Structure formats: C-alpha cells, structure tokens
2 protein chains.
Amino acid sequence: MTKKTTIYDIAKKLNITAATVSRALNNNPRISKNTRELVLATAAKMNYKQNRLALALKSGKSKNVGVVVPYINRNFFSSVIRGIEDELYPKGYHVIISQTHEDQGRELKILQNLLNAQVDGILLSTSYTSQEKEKLDTVLKKSTPFIFFDRKPDIPDISSVTIDDYQGGYDATKHLIDQGCTKIAHLHVSNGLELYKNRLQGYKNAILDSGLEFKPEYVIPLKSDIEAGMEAAKALMKLPEPPDAIFSSTDNGLLGAVKYLQDLSIKIPEDFCVVGFSNEPFTQFMNPSISSVDQSPVEMGRMAAKVFLEQMDNDQSIKIHKKVVLPIKLVVRKSSSRKS
Amino acid sequence: MTKKTTIYDIAKKLNITAATVSRALNNNPRISKNTRELVLATAAKMNYKQNRLALALKSGKSKNVGVVVPYINRNFFSSVIRGIEDELYPKGYHVIISQTHEDQGRELKILQNLLNAQVDGILLSTSYTSQEKEKLDTVLKKSTPFIFFDRKPDIPDISSVTIDDYQGGYDATKHLIDQGCTKIAHLHVSNGLELYKNRLQGYKNAILDSGLEFKPEYVIPLKSDIEAGMEAAKALMKLPEPPDAIFSSTDNGLLGAVKYLQDLSIKIPEDFCVVGFSNEPFTQFMNPSISSVDQSPVEMGRMAAKVFLEQMDNDQSIKIHKKVVLPIKLVVRKSSSRKS
DNA sequence: TTGTACGCGTTATCAC
DNA sequence: GTGATAACGCGTACAA
C-alpha cells in the first residue's frame, strides 16, 4: 500500500546514515553491536525489504538466469526446468523462462532481451530452425555464461549438457535384436538436430555390429507428430519385405505407428516389437505399454544448473567450458518383451 | 567480452551529453534529426544495448512478473505458464517462475522474494497446504498486482481466474446418469482446496436433481495419486452395494481405480463407466480412452495474463479486482460411451 | 535543440 | 565505529 521503505528511511528515523544501516544489515564486522541490533529491530518494524534491483545494478549481478526452450508445456522441457529451478532457487537465483516456438528469429530476439535484462547466465535448448550458427555467434561472444542442454549446435567452446543419444539408439536397437527381431525399421526425425542424427547412428551401428543388413528403406524421415508416425508405418508395411520391429526417435511418432499397426490387427509384441525415445508419461499407460529410452530430464536440468554455478564461481575473466554427457536408460515394457 | 557500452560511452565519442543520447534513443521529439541519426548509427556500431536493470530501478517497473505454482512439470501448470508467457512476452514482460512444492512456508518466502525483486505482478496458484490466509494477507497488502489462478483462497478483493469446477462436477455426473448409471461414486481430493469442494458439490447436485439418492459412502476422500485411486476403488467394490460408475476429481486417482477394476475383469464402459477431471494427455491413450473434464489450461494462462495487464493499465492508486470463471468442457471418450 | 543536475536504492571507498 | 560521497546506467525536469 504505502511506499516501500528504504535504508534511507530507517537511517533518518535513527538519525544515522544510510551507509551504517547498510552495514548493519549486511553483518559488516566494523559496527557496534548496539546499533546493529537497533537497525535490525527498526528494519523489521518498518517492514524493510531489500530492493534486489538496486543491488543488481550496483553489483552487476542480477541473480536471474534465463532459460530458453521451444515450448514450456512439453513434458521433457518442463521437467528440465523443474530440475533447473530446484537447483538454482536455493542459491538465490530466479529463473526467467522464454519460448522460442521453434523459430530462430524469435530465439535471437529472446537471447538479446535476456542479455539486456542483465541475466547472469542463459541455459538454452535451441529451436531446430536454429541452423545459422553465425547469428548465434554474435550473442555467444558475450561474457555471460551460456549452457546448452539437450539440443545444441556444434560449437566447440560452449558448455553443454546432453544425453548419450548415440548409446540410446544403440541400446534400443540391440534390445530389439535380442528379442529376436531381424528387420528393424527406424523412425528418424529429420529436422537437422544433431541428437537425432546420433540416435540414427546408434541404430545403424547396432544393426551392423549384430551382423544384420542395414537397409536405407527402413529409415523413414518424419516430423515428430502422431500423424507422421501413422504415415511412416503405412509406408513401411507396404514394402516388399515389411519390418518386424520399429525403433522410433520420438514417442509421439511411435504412437501413430502403433495405432496404425493395431488397426491392421498386428499383435504387439508377439508379431511386432517397438521401442520409442523420451519415455513420455503416456508410454506407460498405452496398451501395450511402450518401451522407451529415458532421458532423465530432471537430472539434466539439475546438471545444467550445476555447470552454470561452476562457471559463476570461476573467475569470469577465464573462459571455461564443460561438456557433460548423461547416460541414458532403456525402459523395457510390454511392447518389446517377448522373453521374460 | 569487453565492457558493455553505456549511453555515456557513446556520448563521449560524439562529444555530446548522455542526456542527448538518451533522448535520441527514445525518439524524443525535441532533438535534431541530424544528431538522432548520428547517435543511432554509432549506438549500432558500438553495439549498444539498453540496460533494463537501470531502467527498472529508475522507472519502478521491472517488466518482470512472477508466476508461482506447486510444480512446473505438471502438465496442467506448464500449460498455464505456456499461456501466460505467450500473452506477456509480446508486451515486453519476462516471466519468472518458482515452485512451492506444495509447501506454504516455501510459498511465502517465494512471494517475499519476488516482491524484493520488484516484480510488476504475481500470478499464483496456491499450494494446498496454504490454509492460513492471514499469513498470505501480509503479502497481499502490497500494491503489487496479484492474480490467483485455478487454486485460490477465499479472499474477496483479489483478482482470480478459475474454471467452473462446480459445473464440471455437475456435467460429468449428469453425463454418467444419462448413460444409464444409477450408482455413481465420487473420488474426492480432500486436501481442503475450494475447487475440489466445488466439484463435489456439482456431483451432489447432479445426483439430487436427477432424483437419485446421494450416498455419503460413495464419496471417497483421497490424495491425488494412482495408489490412492486403487485403494478407493477397492473400498468401493467391497460395499454391500457397489457403484456402477465413478466420477473422479482427478485423472491420476481415476487411473488407479481403472487399473483395479480391470484387474477384476470389470468391463469399461459396458459394466462400469468412469469420468475423470483435468483431461490429462494420458487419458486419451489409455485403453479404453478416458472421458474427462477439460480445464483449458493454456486459455486460463492467457486470461490470467490479460487480467494482469488490465490491472497494470489502470491507475495504480485505484485498487481493482476481477474474478473470471472460465467454462469447462466435458470430453467424452470410450470410458463412458454406452450409446453412440 | 542541447546541457545540467538529480534520483532510483544500494554498497564500497574513503575519511574521521 | 560511523559519516560523507561516489558509483551502477538510465531518464527527465529544469535551464540555457
């Protein structure tokens, strides 16, 4: 209601100077016990609250970090943010979130905006349209710590936290082979993101390592949505030699494929095995429940936050960076369980 | 890398004063076209960026809003945030998010923290442990705009955006009755939140309006998790006269109940109908797909943001408030479809 | 049209 | 141990 009380107000009331009040509030040793207690008491009485903005301007540290994701309300990203906030809040940081809507233009504006707001760091998962690294470069040239998570461009000296997508693709495919599948297709999200390429590579190597033949026609490029998955399954089943399993880089795509297969009365896992990627919550509620590669999003968020904190602790004049690759975990469910 | 350039830097370079630079940058009319262009050009050349912190301190407006929810990575809340950010970002606001972890103590600290950070407003969905209104009162006494969404305490002069929970309970129950169900149970989340009480009331009135008998033993209090739902279903089926339908205030609870019923080989919807609340994404992937009351979380977020913006436009000395109740929409799926 | 001076709230560096 | 003063970067009333 009333004007906010400042240290100046309480200084006037006590007939001392604002500097003294500041010292008392900040436990400065060079101050008499007497005045400290007096200040603390009247501060409480006047309901004084520190203005973080003024402090930020003075210190150059806003105690805010920007987190930039394509969309907040995707389970994966909201869970990463969950981890980030859990880790950063206890350290006194506030988390500012922005959504790129998968648009590089918007992404660049957002980054510039956050920088203008003097955030102490930016944690970013790029939009897949963000292909022009040079543009990103101009903003990366700042001294503000930058950490990529999950989706990252191929830039050498910037910190990043990702999962082992290659291993995820490898493990999922190997698992299908172990279940007796020999003709394994792959739904490949072809938006240019490195992580999907890595999953594809893992798939390919698992096939080759097992002595199976890698068939390019078994790799279907698609967007990460349900309809695309249906179309992909349709195309696959029309092949002269249809596959007997699918490893999909995205749970959403797989969902569409499964619907299509079930419409054809193909039994999963008896006739056909499937494994997805991301371990979206819905995979466990489907019938049959769907195996998927878990990305531990919350841990990824925590880790990204930790890397940021490390970077802050260091002398800012030294530019350090750190690449963290988190392990994945294949969650086996009914959709790929032929043997107990 | 290098020091950030300020208006002083560019003033020095041009042998003019910072005030002039400021005016040029802000399209102040009282300035010569010549110097304006000169300033703009060198500002661009020196890569000048406005420091929002300084502006905030000066103007008293941080252009930040705080959004406080129990957990960010719940589909409902992340979707609300999605709506808020979509609406506020184009207006130049940044969204700061914090999680209460359903803990009132933490909630109060967060609110105080946000106020210290000089946010221009706070959008809040209270934790269910937040029962002591008096404590909340001290922070509501500030001039900072406050908007509750979804979960709100019963405080008269604060803005809020909620859905019509009563109608949701009513419609869901009425729908079950229309499908031929006569013994309808209700899973009631008993954490004290008003919204659950409203859903219960809707349920009760729909029963009474249809000439059915309201049986207290059909109302099972529970927590909003899967295990609790299983327990509830177990208890219900052990009654002398078990129900033939469930309306649940929470999709999660219903999920557990459905699992239990299916273990008993009870056929849904033939033998038993169910309707949930929240329209969680997984409801459409279950087998059978689950009917549920949709809360349009994204729209709720947008609306909460709009109410905030309205409040900002108004003269701050006038305290206004606005209560918005959004309509619900019953999404009918297989779990309650006996008739086409 | 431009310059001067000040204030936003805080802390740090001098003095005393 | 405390006071006075400057500084963080910006916008603006008042002068000129």
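Keep in mind the model is a prediction, meaning the values are calculated, not measured. Chain letters run A, B, ... following the sequence lines, proteins first and then strands; every chain starts at 1.
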Colleague: Specify the separation, in whole Å, of atom CG of A:N15 and atom C1' of D:dT2.
Modeller: 13 Å
Colleague: Using whole Å, report how far CG of B:L57 lies from P of D:dC8.
Modeller: 14 Å
Colleague: Under 4.0 Å, counting only non-hydrogen atoms across every strand here, what does A:I31 touch: a base, just sugar-phosphate, or nothing?
Modeller: sugar-phosphate
Colleague: Exactly one of B:F149, B:F146, B:Y93 should register a ring pair (Phe, Tyr, Trp, His ring centres under 6.0 Å) with B:F308. Which one does?
Modeller: B:Y93
Colleague: Answer with base, sugar-phosphate or nothing: what part of the nucleic acid does A:S32 contact at a heavy-atom distance below 4.0 Å?
Modeller: sugar-phosphate
Colleague: Ignoring hydrogens and angles, state whether a donor on the side chain of A:T126 or A:E107 is under 3.5 Å from an acceptor on the partner side chain.
Modeller: no
Colleague: For nucleotides 10-16 of chain D, read 5' to 3', which letter fits each nucleotide if B means a protein heavy atom sits under 4.0 Å from the base, S means only the sugar-phosphate is that close, and - means neither?
Modeller: BBBBB--
Colleague: Considering only residues two or more places apart or on different chains, which pairs with a residue in residues 74-85 of chain A satisfy salt bridge (charged side-chain N to carboxylate O under 4.0 Å, His left out)?
Modeller: A:R74-A:E102, A:R82-A:D86
Colleague: Starting from the first five and the last five pairs of the helix from C:dT1-D:dA16 to C:dC16-D:dG1, work out the angle between the resulting helix axes, to 10 degrees.
Modeller: 50°
Colleague: With nearest nucleotides of DNA chain C determined for B:S59 and B:I16 from heavy-atom distances, which residue corresponds to the more 5′ nucleotide?
Modeller: B:I16
Colleague: Taking atom NZ as the centre, does A:K13 end up with more than 12 heavy-atom neighbours from other residues, nucleotides or ligands that are less than 6.0 angstrom away?
Modeller: no
Colleague: We want to know whether B:K49 and B:N51 form a side-chain donor-acceptor pair, criterion being a heavy-atom distance below 3.5 angstrom.
Modeller: no
Colleague: According to side chain to side chain contact (heavy atoms under 4.5 Å, CB included), who are the partners of B:E194, at least two apart in sequence or on a separate chain?
Modeller: B:K152, B:D154, B:N198
Colleague: Might you point out which heavy atoms bring A:I122 and A:L114 nearest each other, and give the distance in Å?
Modeller: CD1-CB, 3.9 Å
Colleague: Testing B:D9, B:L14, B:T5 for side-chain contact (heavy atoms from CB on, under 4.5 Å) with B:T42, which one passes?
Modeller: B:L14
Colleague: May I ask you to check whether A:T35 and A:S32 show a side-chain donor-acceptor distance below 3.5 Å?
Modeller: yes
Colleague: For DNA chain C, which nucleotides open and close the run of contacts to chain B, 5' to 3', at under 4.0 angstrom from a non-hydrogen atom?
Modeller: C:dT1 to C:dG9
Colleague: Within a reach of under 6.0 Å around CG of A:N34, are more than 12 heavy atoms found that belong to other residues, nucleotides or ligands?
Modeller: no
Colleague: Around atom NZ of B:K109, are there more than 12 heavy atoms from other residues, nucleotides or ligands closer than 6.0 Å?
Modeller: no
Colleague: Rounded off to whole Å, could you give me the NZ-to-P distance for the A:K61 and D:dG9 pair?
Modeller: 13 Å
Colleague: Specify the residues of residues 33-45 of chain B, ordered by number, for which at least one heavy atom lies under 4.0 angstrom from an atom of DNA chain C.
Modeller: B:T35
Colleague: Would one find more than 12 heavy atoms of other residues, nucleotides or ligands at under 6.0 Å from atom NZ of B:K91?
Modeller: no
Colleague: Counting heavy atoms not belonging to A:K135, are there more than 12 under 6.0 Å from its NZ?
Modeller: no
